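Below is one structure, written out as structure tokens; the observations come after it.
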Amino acid sequence: MKIGSPEHKELFCQSFIASHRQYEPEALPWPDLDDITLQRLRGIPFWGEAVRIETSAGVMVNTFAETITDPLIKEAVLLQGYEETRHSRLLKFMAERYQLDVQDQTPEPIPSKIEPAFIRFGYGECIDSFFAFGLFETGRQLGYFPDTILGIFDPVLDEEARHITFFVNWIAYLQTNRGRGAAPLRAGLTAWNYGRALWNLINLIRSNAGGSGSGFTATGGSIVDANLTVEQFLATCLERNAHRMSGFDARLLRPQLLPAVAALALNTLKLLPKRHPAKVEERSPWELDGEMRG
Ligand SMILES: [Fe+2]
Ligand SMILES: [Fe+2]
């Protein structure tokens with residue numbers, strides 16, 4: 001199958017549409033949570049930002065879909081818009097159920113240049129999802145949240161895996177069919193977005209090599225004491241990324257540059273002399289995420 005061919009388009013659109021899951025956030029098996037778990041959930045600082053991002057994404061993706069002339073691609077993008085809006089509904093429902101702080105999340109205005117906005121968003125999702133896969137697994141391994149609540153978010157991460165797979169195939173299809181005319185835009189966007197990812201990884205490596213020697217430590221309460229190094233975290237991201245991407249048709253493209261950069265960073269870290277782990281201030285898994293974003 002040739003990338004950019006009508007068969008390629010059929011495959012990346014139809015597989016995306018066929019793998020859509022039907023569910024209503026309000027009908028999910030939301031568990032009653034104990035006080036410690038509630039405190040942890042309420043301590044996560046980015047719920048408001050997450051709602052704002054998902055709400056804005058839903059509006060932006062749907063707006064972009066309306067500009068697409070190809071009916072099959074349009075159907076797929078509309079479905080992604082629906083799923084992003086559903087993520088926002090899910091977060092809002094969760095915030096209400098567990099009294100999380102999600103104030104001040106005014107959605108972003110709809111960008112005037114909608115296709116470049118969708119492209120920027122797509123590359124951003126490739127980066128965010130890669131780290132989210134690892135973060136989610138790290139939280140699970142630490143026993144930070146019960147399986148009942150993780151079970152609600154697992155399909156959301158699978159949806160993001162579908163979104164980024166759709167995106168990398170769509171952009172390759174678009175670039176191939178637009179030919180050379182779009183090359184400067186393409187190269188610029190790719191360099192910008194992946195440059196940001198590389199910058200984040202460099203910051204991670206710096207903090208690992210120059211800091212206390214321990215990427216982050218999650219302690220306290222009933223949490224298992226664990227020193228997690230950046231090395232371990234990147235290894236988890238790579239492993240979970242490979243796992244979540246393994247379910248897609250082998251003929252489809254999947255995000256490659258960021259996993260390759262992360263693997264390179266991991267191999268470099270393995271070569272660095274090891275320091276003795278030292279006690280660092282208590283930090284939670286999501287704080288590492290913030291650190292990575294610089
Ligand atoms: Fe989303
Ligand atoms: Fe998404």
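Just so we're clear, the structure is a prediction, and the values are computed from it rather than from any experiment. For ligands, and for the atoms within them, numbers begin at 1 and follow the listed sequence.
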Discussion item. Need one value: angle at the Fe ion (ligand 2), E125 atom OE2 versus E160 atom OE1, rounded to 10 degrees.
Written reply: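 Roughly 80°, rounded to 10°.
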
Worksheet item: Backbone or side chain, does E83 get an N/O/S atom under 2.8 Å to the Fe ion (ligand 1)?
Response: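 No, E83 does not qualify, because none of its backbone or side-chain N, O or S atoms lies under 2.8 Å.
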
Practice prompt. Assess H163: does it contribute an N, O or S atom lying under 2.8 Å from the Fe ion (ligand 1)?
Written response: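 Short answer: no, not a single N, O or S atom is under the cut-off.
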
If I consider every N, O or S atom in [X], which one ends up closest to the Fe ion (ligand 1)? I only need its name.
X	value
H87	ND1
E84	OE1
E54	OE1

Discussion item. Please confirm whether the ring centroid of F12 lies under 6.0 Å from the ring centroid of Y173.
Written reply: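 Yes, they do, as the ring centres are separated by less than 6.0 Å.
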
Fill in: R244: which of I164, T165, D154 passes side chain to side chain contact (heavy atoms under 4.5 Å, CB included)
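Only match with R244 under side chain to side chain contact (heavy atoms under 4.5 Å, CB included): D154.
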
Worksheet item: What residue among D128, L157, T138 forms side chain to side chain contact (heavy atoms under 4.5 Å, CB included) with F133?
Response: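 So, applying the side chain to side chain contact (heavy atoms under 4.5 Å, CB included) to F133 and each of D128, L157, T138, only L157 qualifies.
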
Item to complete: Hey, can you tell me if F166 and F16 have their rings parallel, tilted or perpendicular (30° and 60° cut-offs)?
Response: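 Aromatic pair F166/F16 classed tilted.
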
Discussion item. I'd like to know whether NE2 of H20 has more than 12 heavy-atom contacts from other residues, nucleotides or ligands below 6.0 angstrom.
Written reply: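 Counting other residues, nucleotides and ligands, NE2 of H20 exceeds 12 neighbours.
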
